[in-house]
A.B. asks: 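For reference, the structure I am asking about is given below.
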2 protein chains.
Amino acid sequence: MTTHSGVPEVVVDRLPQYLRALAQLESSGFDVISSQQLGELLQVTPAQIRKDLSYFGRFGKQGRGYSISHLLERLRNILGLDQTWNVAVVGVGRLGRSIISYPGFEPEGFRVVCAFDSDPAVVGQVAGGLTVYNFADYAEIAEREHVQIAIVAVPANVAQAVIDNLVAAGVKSILNYAPKSALTPPDVRIRNVDPVVSLQSMTYYLSAV
Amino acid sequence: MTTHSGVPEVVVDRLPQYLRALAQLESSGFDVISSQQLGELLQVTPAQIRKDLSYFGRFGKQGRGYSISHLLERLRNILGLDQTWNVAVVGVGRLGRSIISYPGFEPEGFRVVCAFDSDPAVVGQVAGGLTVYNFADYAEIAEREHVQIAIVAVPANVAQAVIDNLVAAGVKSILNYAPKSALTPPDVRIRNVDPVVSLQSMTYYLSAV
DNA sequence: AAACGATTGTAAATAGATTCACAAACAGGG
DNA sequence: CCCTGTTTGTGAATCTATTTACAATCGTTT
Ligand SMILES: NC(=O)c1ccc[n+]([C@@H]2O[C@H](COP(=O)([O-])OP(=O)(O)OC[C@H]3O[C@@H](n4cnc5c(N)ncnc54)[C@H](O)[C@@H]3O)[C@@H](O)[C@H]2O)c1
Ligand SMILES: NC(=O)c1ccc[n+]([C@@H]2O[C@H](COP(=O)([O-])OP(=O)(O)OC[C@H]3O[C@@H](n4cnc5c(N)ncnc54)[C@H](O)[C@@H]3O)[C@@H](O)[C@H]2O)c1
């Protein structure tokens with residue numbers, strides 16, 4: 001699928017991998033890397049790395065490789081990571097709370113700015129420094145807080161309804177933790193985080209030996 | 001990639017999606033479904049569903065569709081989900097604890113049977129009903145407990161070392177939560193659960209409008 | 001018992017992704 | 001300043017996945 005501007009989606013999905021490996025290399029003191037070396041590190045062919053990058057420009061130097069800091073800068077720019085993204089968490093149960101206090105988002109430019117629940121016993125509580133709002137007020141508050149991304153952590157049986165509300169309120173990117181593959185319009189991008197699904201495809205290879 | 005027996009990996013990765021949708025349909029009281037209807041539900045073409053299933057056999061009836069309960073049974077069998085899998089959790093910090101007490105694994109046949117850490121302050125503690133063992137004793141205890149799958153929830157900087165140890169101890173399937181793409185031999189399957197990577201590819205589409 | 005509408009399973013065609021392979025470009029050394 | 005050893009960027013070739021298209025089959029209706 002080439003959902004946008006001619007760059008295949010598989011390519012975009014690999015860029016964060018490159019980014020992470022390069023950031024690691026930079027903090028280990030390396031300056032330059034070849035597609036060959038990066039490929040070994042990530043178990044990807046060098047040609048694939050070069051072709052992926054070629055969709056966006058010419059970032060390397062023949063005979064040398066890529067300047068790590070320069071490539072990092074360009075990848076961050078391409079992925080839109082040279083800005084901070086405001087995130088709303090919907091569903092402040094056990095998982096929602098741990099997402100709100102997960103320290104891995106902020107350093108990557110994702111800031112959880114507000115949290116929502118529908119349970120009157122939870123609304124008004126403070127979780128991880130955030131006051132929990134009523135999900136009924138989502139549209140208004142999300143606009144005020146400039147929310148661009150929603151993380152869904154509600155029970156599976158209400159996930160579709162919650163996502164429908166998010167879509168109606170104009171959200172274009174959703175990270176869904178509920179074990180439910182939800183329907184969204186084509187202009188809304190949804191990613192599922194689901195450890196059970198990952199396990200279920202690995203068991204195929206474990207059992208079919 | 002057709003890593004095993006001629007069935008493409010993309011196909012195997014879609015089966016758990018089918019499984020989940022069918023289980024949902026069954027519990028809603030449906031008996032039969034056509035590839036057309038299932039495709040609408042999952043946003044997949046009917047032909048893809050039929051072709052995917054055809055790698056494993058002929059499960060449908062012309063003119064009718066698929067018996068949901070029969071197809072569920074076959075999919076569970078194909079994926080190796082008609083047995084219980086024993087899982088070890090490595091790294092009993094905040095995330096490790098929440099994995100141990102996550103109620104979503106058991107009903108799907110994944111049983112967390114033991115937990116490991118390297119911190120002497122954590123080893124010996126009880127978490128979610130499990131005594132935390134020293135990771136140094138992994139090989140011995142994992143064999144005794146018949147562990148088949150390991151879940152890694154340690155800091156990124158030790159993830160590769162931990163995974164090397166797991167591989168040395170004979171694990172063939174790893175679910176990795178550490179934000180690090182780790183290297184494993186070709187016979188060891190690893191899946192990463194990484195919300196940041198998911199977010200980072202969605203921002204491409206948000207910013208590049 | 002024949003005719004009908006629905007739906008599968010799959011071979012062939014199309015579309016898409018990856019890899020190959022090499023000319024062009026660069027750094028370093030003689 | 002030219003030669004050597006690298007490594008990029010990319011068209012063309014290959015490989016893989018998806019979609020098309022339809023004969024075969026099934027239950028139902030007439
Ligand atoms: N993917 C993962 O890694 C993972 C891990 C754990 C849990 N989960 C899933 O995440 C979801 C939440 O799990 P949990 O353990 O936090 O459950 P939980 O019951 O502790 O929390 C769910 C929260 O959602 C709220 N909620 C319910 N309906 C709502 C609505 N319509 N609008 C807003 N909020 C609503 C509830 O009030 C509750 O606070 C479940 O679907 C669970 O299966 C996924
Ligand atoms: N993918 C996700 O959704 C997600 C969410 C949260 C955290 N994480 C990641 O999961 C990991 C753990 O996060 P956390 O918040 O639980 O951290 P934590 O520090 O609370 O826990 C890490 C645990 O690992 C243990 N450990 C360290 N070295 C070890 C070793 N060599 N062998 C065995 N155990 C060892 C530590 O003693 C500690 O108990 C981190 O890498 C974090 O980035 C991922």
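For the numbers below, each heavy atom of this structure counts, side chains included, while hydrogens, waters and symmetry mates do not. To find a chain, count down the sequence lines: A is the first, B the second, and so on, and within it residues start at 1.
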A.B. asks: Rounded to the nearest angstrom, tell me the gap between atom CG in B:Leu53 and atom P in D:dT19.
C.D. replies: 15 Å

A.B. asks: Tell me if the side-chain of B:Arg58 makes a donor-acceptor pair with the base of C:dG9, cut-off 3.5 Å, by modelled atom types.
C.D. replies: no

A.B. asks: According to side chain to side chain donor-acceptor pair (under 3.5 Å), who are the partners of A:Asp82, at least two apart in sequence or on a separate chain?
C.D. replies: A:Asn77

A.B. asks: Take atom CZ of A:Phe59 and atom P of D:dG9, then tell me their distance rounded to the nearest Å.
C.D. replies: 8 Å

A.B. asks: With no hydrogens and no angle check, do the side chains of B:Arg94 and A:Ser101 hold a donor and an acceptor under 3.5 Å apart?
C.D. replies: no

A.B. asks: Sequence neighbours excluded, which residues qualify as salt bridge (charged side-chain N to carboxylate O under 4.0 Å, His left out) partners of A:Lys172?
C.D. replies: A:Asp187

A.B. asks: I need the full list of ring-ring contact (aromatic ring centres under 6.0 Å, His included) pairs touching residues 33-63 of chain A, with sequence neighbours left out, sorted by first then second residue.
C.D. replies: none

A.B. asks: Look at A:Tyr66 and D:dG9 and indicate whether a side-chain polar atom (N or O) is within less than 4.0 Å of OP1 or OP2.
C.D. replies: yes

A.B. asks: I want to verify a distance call: between D:dA21, D:dT10, C:dT18, whose nearest atom is closest to the B:Arg50 side chain?
C.D. replies: D:dA21

A.B. asks: Testing the 3.5 Å rule here: is there a donor-acceptor pair between the side chains of A:Ser34 and A:Gln37?
C.D. replies: yes

A.B. asks: Tell me, which pairs form a side-chain hydrogen bond (donor to acceptor under 3.5 Å, both in side chains) where one or both residues lie in residues 140-151 of chain B, sequence neighbours left out?
C.D. replies: none

A.B. asks: Let me see the working for A:Asp31 and A:Arg64 under salt bridge (Lys or Arg N to Asp or Glu O under 4.0 Å), right down to the final yes or no.
C.D. replies: CA-CA 11 Å; A:Asp31 285 341; A:Arg64 299 268 301 145; over 6 Å; no

A.B. asks: CZ of B:Arg14 versus C1' of D:dT16: gap in Å, rounded?
C.D. replies: 12 Å

A.B. asks: Just compare C:dA24, D:dC26, C:dA17 and give me whichever is closest to any side-chain atom of A:Val10.
C.D. replies: C:dA17

A.B. asks: Between the base of D:dG27 and the side chain of B:Arg64, is there a donor-acceptor distance below 3.5 Å?
C.D. replies: no

A.B. asks: Under 4.0 Å from any atom of DNA chain D, heavy atoms only: list the residues of residues 69-78 of chain B that qualify, in numerical order.
C.D. replies: none

A.B. asks: Can we say B:Arg97 and B:Asp117 salt-bridge, meaning some charged N sits less than 4.0 Å from an Asp/Glu carboxylate O?
C.D. replies: no

A.B. asks: Counting N and O atoms only, with roles assigned by atom type, does the side chain of A:Ser173 sit under 3.5 Å from a partner on the main chain of A:Ile149, one being a donor and the other an acceptor?
C.D. replies: no

A.B. asks: Please figure out whether A:Lys51 or A:Gln62 has its closest DNA chain C nucleotide nearer the 5' end.
C.D. replies: A:Lys51

A.B. asks: Heavy atoms within less than 4.0 Å of DNA chain D: which residues of residues 19-48 of chain B have one? Give them sorted by number.
C.D. replies: B:Thr45, B:Ala47, B:Gln48

